[in-house]
Amino acid sequence: MNDASPALENLLTETRAFPPSPEFAAQANVTADEYDEAVADRLGFWADRARGLLTWQTPFTTVLDDSRAPRYDWFTDGRLNAAYNAVDRHVEAGNGDRVAILWEGEDGSERRITYAELAAEVARAANAIAGLGIQTGDRVAIYLPMIPEAIVAMLACARIGAPHSVVFGGFSADALHSRILDAQARLVITADGGFRRGAASPLKPAVDDALAKGGTDVEHVLVVRRTGGDVAWTEGRDVWWDDVVPHAPAEHEPVWVEAEHPLFILYTSGTTGKPKGIFHTTGGYLTQCAYTHSAVFDLKPETDVYWCTADIGWVTGHSYVAYGPLVNGATQVVYEGTPDSPHKGRWWEIIQKYGVTIFYTAPTAIRTCMKWGEEIPGGFDLSSLRVLGSVGEPINPEAWMWYRRVIGGDRCPVVDTWWQTETGAIMISPLPGVTATKPGSAQVPLPGISARILDDAGEPVGDGQGGYLAITEPWPAMLRGIWGDERRYAETYWSRFPGRYFAGDGAKYDDDGDIWLLGRVDDVMNVSGHRLSTTEIESALVAHPWVAEAAVVGASDETTGQAVVAFVILRGGDEITDLPTGEDGGEAIVQTLRGHVGQVIGPIAKPRSILVVTELPKTRSGKIMRRLLRDVAENRAVGDVTTLADGGVMDLIQQGLAKG
Ligand code: WTA
């Protein structure tokens, strides 16, 4: 087990519980009966949800095909279209005037987009993309800020059955390049830039740099104008969105794809240096997105105003901004910027302005707002809120209580939702009208989901005990694989406990049998709810000419959950002539290396600190003992060193750091 867990032991002494109010329970979308219904007939339960929540062009007769396990296929003989389900059918049902997107730009600009307008825009964009040669099955990379066009672009791809690969705008040109290559994307959709922290931040240059590295299949770059800044232009390749989309016809026949047709690829960090292209398909994914969005947030599409703060570059932005809410016909807020621009009350101001009723964000954001002080949200009217959600990392009880009291006025249920890029949709969470919520626990698998905590040998553990979280039955929104690497899929997720999905998280049952997540048990870090791989950052560091060896650990951090701390050994020898020296030399080296990681992966991966050392602690077999480095990074007494090849190395490291 990962040794981050002892610090989390105290979570299990938490005994407070908050049952839903009788009024909330009485009006809730889901009652406790759904657990029983799903236990009695799990596949029947999901088949009913798939039929009830989605519109199928061809109904399915097969629910689950496990003949190719661990590749599981759902609703295989059905046909549908994701964009039609997200938009058109609401218009056909007479809800075209309902607002789909309440968009707020960081610079204060606003756009209100109804379902009818969204339907027309998606159809135009689909026609425009098809006009650029994109056909069903082609991959499209999307590298956009949080503007309505991001959602339009995703849906336009879905409409023609072209899987999208959204790359977070905070990733570098290098990271974008490797993702474009891996997916063999033929089109990139980007913008001149977006607004962040009051300034225009350019995006198009990273696309130009990525494509200049060569080897890609990209024929066109479709560019949305957002900031109005100057952009370099490649004639014949680059096309302005405004030159093609507004003129394209607003009618487009959706491509009815098989339920198992790939909907998207999304890259996430794993335990190796190479990000994994997690791919999801259409029917099962949409079923579970729609069901969980309705059940976990108790969504009432006619009256609720929903807001999830995630960027579409992450899976939360896929399932709970682009797909779940729209498939359910919700009205949602989409905000372009950061919570502190132009002032630290911006989020609460938005909640007050639009009367947001359901709010979904990450623990790191909650902890940041706690730090800023409760008088900031206290200055806004948050009485419209009725459900609060948390996602991305374990939420500590203190932050949970603050969220409930300060933001939720002690009246809103807080749902802590556990899931992953791989699971596609929420798996473990309280139900707001059913569960007595506990601060810091994700608690129970949702109806239709089977999860167990297993010991080392794969045996289920009992109440009060901990181990590894596993999903024991296939679920509709599950990943269908790692793009282009079936073997890695089977090895990563299905070999640790044969026949069961290994999530990579440690977890414990409390005495009531509720689940508490304890963080990753592998070399994946969670920084501000973003997954980063230690190995990936280590590879980036050793790619720099000054670095001989590097070890990266995730050290606990009060605000970001974990923070990246790197230990590096510099190269000696004559061939390195440009190494900064003198009084400021050390600082110059650190800044250069941080910048280098930012360039290779993206600003989110920049280490919080880089410590230059002369040795790294290794076992006799040469494996770096990250546990000991984490002790150093967290200013703790260094733990057991008996398995080190050279027992004195930790003393050396600490003496060196004390001197530096
Ligand atoms: C962590 C984000 C505790 C976990 C949706 C998981 C959580 C990883 C929670 C997936 C939660 C996510 N409580 N830990 N409620 N939600 N995690 O793929 O370690 O970006 O494996 O998906 O985040 O991160 P990913």
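Ligands are counted one by one from 1 in listed order, and the atoms in each one are counted from 1 as well. Here, residue 1 is the first one in the sequence, and each next residue gets the next number.
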Only heavy atoms of [X], strictly under 4.0 Å: list the atoms of ligand 1 that pass.
X: Thr417; result: 9 (C), 11 (C), 15 (N), 16 (N)
X: Val391; result: 5 (C)
X: Asn526; result: 1 (C), 23 (O)
X: Thr421; result: 18 (O), 20 (O), 22 (O), 25 (P)
X: Val315; result: 5 (C), 22 (O)

Would you find a donor on one side and an acceptor on the other, under 3.5 Å apart, between the side chain of [X] and the backbone of [Y]?
X: Ser172; Y: Gln599; result: yes
X: Tyr143; Y: Val188; result: no
X: Arg480; Y: Phe279; result: no
X: Thr559; Y: Thr368; result: no
X: Arg630; Y: Ser556; result: no

For atom 20 (O) of ligand 1, tell me which residue out of Arg531, Glu393, Arg520 has the closest non-hydrogen atom. Arg531

heavy-atom search around atom 19 (O) of ligand 1 in the protein gives Asp505 OD2, 2.8 Å

In the protein, which heavy atom is nearest to atom 16 (N) of ligand 1, and how far is it? Gly392 N, 3.1 Å

For ligand 1 and Ser390, I'd like to know whether there is a polar contact (N/O to N/O, distance under 3.5 Å). no

Do Glu536 and Ser269 pair up side chain to side chain, a donor and an acceptor below 3.5 Å, judged on atom types alone? yes

Applying the ring pair (Phe, Tyr, Trp, His ring centres under 6.0 Å) test to Tyr72, which of Trp46, Tyr501, Trp494 qualifies? Trp494

Does [X] reach ligand 1, in the sense of a heavy atom lying below 4.0 Å from it?
X: Pro394; value: yes
X: Gly504; value: no
X: Trp419; value: yes

Can you spot which of Glu422, Arg488, Arg500 makes a side-chain hydrogen bond (donor to acceptor under 3.5 Å, both in side chains) with Tyr493? Glu422

